[in-house]
Amino acid sequence: MSSRLPRRDGRADLKPGRIALSYLVVGAAWILGSGYIVNVLTSGQSSQVIEVGKGWGFVVVTAAALYVLLARRARAIRAAELARLAADEERMRLAIAVEQAAEAIVITDREFRIVYVNPAFERVSGYPRAELVGGNPRLLQSGRHGPEFYKAMWSTLGAGGIWRGTLYNLRKDGGDYEVDAVISPLRNSDGTVDSFVGVERDVTRERALERELVEAGRMEAVGQLAGGIAHDFNNLLTAIAGYAELLRNEVPADSESQADVDEILRASRSAAGLVRQLLAFGRRQVLEPA
């Protein structure tokens, strides 16, 4: 396994093998150049050989020890470097995820000054990042929340809690938009809250559709009620009109009661028109009494 480190940050690589080899070459040059490591006290050839051998042994052992120590140091540095690179890559992936997230994300400092917004926040609010960073989130307040609402929110966040709720904010063009928001405190290494992050999902269209659906349900209920009433009323009108026709046939034409009977029939026909309107409103089939 190679001890060579990647040079992603421009630092020189640690090469234990090359360093130990260089030391060995220098030691060999010293031995061969001087002939001896120490002064030879005797003139015998055997003494010279022993002293030269000691010199070679010292250089080889020292080079081996140097290689082992440097190899360990290289492995430690490599592990630290790989851990740092992994952390950098993780932060990079997190930054990319935040930038490309569909939810709007805003980060403020402890004084609630905006320090970061992602592109989704720019799209939803209509404000460019340059106009938001350094400002206060109250820029987005629509006026639909009272002071007590914000007091309760900041009380929760000030106590280190997480706030969840619905916010009505104001776009740059003056239009309102509705978001489901989660605001969380961010703590540093000693546990102190030093910033806040808010994640918001624009639900304006969804809530509008929900309201339309509720209103349609109410109208459907009213229509069903109107249709039911119209059917019952139509049955009564049928009886009234039928008996009025029978009475008209029995009353002499020159009788004063004939005009009263005619008035009953006219009122019945007008009421029948009202019944048809109620049935149409209730999306029911118009019944033609016979």
* Check step by step if side chain to side chain donor-acceptor pair (under 3.5 Å) holds for D180 and T166. => CA-CA 5 Å; D180 283 343; T166 299; 3.2 Å; yes

* Kindly indicate, with the supporting measurements, whether the criterion side chain to side chain contact (heavy atoms under 4.5 Å, CB included) is fulfilled by L140 and K172. => CA-CA 8 Å; L140 304 171; K172 185 178 182 180; over 6 Å; no

* To do: Go through the steps to decide whether R144 and D176 satisfy the test salt bridge (charged side-chain N to carboxylate O under 4.0 Å, His left out), and finish with yes or no.
  => CA-CA 9 Å; R144 299 180 63 176; D176 289 354; 3.8 Å; yes

* Asked: Given D202 and R207, is the salt bridge (charged side-chain N to carboxylate O under 4.0 Å, His left out) satisfied, shown in steps?
  -> CA-CA 10 Å; D202 186 4; R207 297 294 162 78; over 6 Å; no

* Please report the C-alpha distance between S184 and V197 in whole Å, then the side-chain angles of each, then the deciding distance to 0.1 Å, and finally whether the side chain to side chain contact (heavy atoms under 4.5 Å, CB included) criterion is met. => CA-CA 5 Å; S184 307; V197 57; 4.2 Å; yes

* Going through the distances and angles, do E206 and R201 end up as a salt bridge (charged side-chain N to carboxylate O under 4.0 Å, His left out)? -> CA-CA 11 Å; E206 295 177 20; R201 185 171 66 91; 2.9 Å; yes

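A donor-acceptor pair under 3.5 Å is formed between the side chain of R110 and the backbone N or O of V193. A donor-acceptor pair under 3.5 Å is formed between the side chain of T204 and the backbone N or O of E178. Side chain of N118 to main chain of V98: a donor-acceptor pair is present (N/O by atom type, distance under 3.5 Å, no hydrogens or angles). Listed for the S155 side chain is no donor-acceptor partner under 3.5 Å among the backbone atoms of K151. The backbone N or O of Y168 lies less than 3.5 Å from a partner atom in the side chain of H145, making a donor-acceptor pair.
Minimum interatomic distance between P185 and G160 (heavy atoms only, all atoms of both residues): CG-O, 3.6 Å. Here the closest non-hydrogen pair linking S257 and V251 is CB-CG1, 4.0 Å. Scanning all heavy atoms of the two residues, the minimum distance from V199 to E103 falls at CG1-CB, 3.8 Å. Across A181 and E200, no two heavy atoms sit closer than the pair CB-CG, 3.9 Å. Closest heavy-atom contact between A101 and A120: O-CB, 3.5 Å. Taking all atoms of both residues into account, the shortest heavy-atom contact from T108 to P137 is CG2-CG, 4.0 Å.
Between E81 and R84 there is a salt bridge, with a side-chain nitrogen of the basic residue lying less than 4.0 Å from a carboxylate oxygen of the acidic one. Taking a cutoff of 4.0 Å between a charged side-chain nitrogen and a carboxylate oxygen, E99 and R129 qualify as a salt bridge.
One finds the CD1 atom of I240 at 10.5 Å from the CG atom of L265 (value rounded to the nearest 0.5 Å). We find the CG-OG distance between L132 and S125 to be 5.0 Å, quoted to the nearest 0.5 Å. Atoms CZ and CD1, on R269 and I264 in that order, are 11.5 Å from each other to the nearest 0.5 Å. To the nearest 0.5 Å, the span separating CZ on F121 from OH on Y116 amounts to 11.5 Å. Taken to the nearest 0.5 Å, the CD atom of E245 stands 12.0 Å off from the CD atom of E250. A distance of 6.5 Å separates CD1 in I107 from CG in L186, rounded to the nearest 0.5 Å.
If you chain together hydrophobic residues whose side chains sit under 4.5 Å apart, V179 and V182 never meet in one group. Hydrophobic clustering, with ILVMFWY side chains joined whenever heavy atoms are under 4.5 angstrom apart, groups V106 together with W163. V117 and L139 fall within a single hydrophobic cluster, where Ile, Leu, Val, Met, Phe, Trp and Tyr side chains are chained together by heavy-atom contacts under 4.5 Å. Cluster membership check: I183 shares its hydrophobic cluster with Y177, using side-chain heavy-atom separations under 4.5 Å among Ile, Leu, Val, Met, Phe, Trp and Tyr. Note on Y150: it does not cluster hydrophobically with L170, by side-chain heavy-atom contacts below 4.5 Å among ILVMFWY residues.
The number of heavy atoms from other shown groups lying within 6.0 Å of CZ (F112) is above 12. Heavy atoms of other residues, nucleotides or ligands lying less than 6.0 angstrom from CD of E90 number 12 at most.
Side-chain atoms of Q100 and I96, non-hydrogen and from C-beta on, do get closer than 4.5 Å to each other. At least one side-chain heavy atom of E212 sits under 4.5 Å from a side-chain heavy atom of L209.
For T192 and D194, the side-chain atoms include no donor-acceptor pair closer than 3.5 Å.
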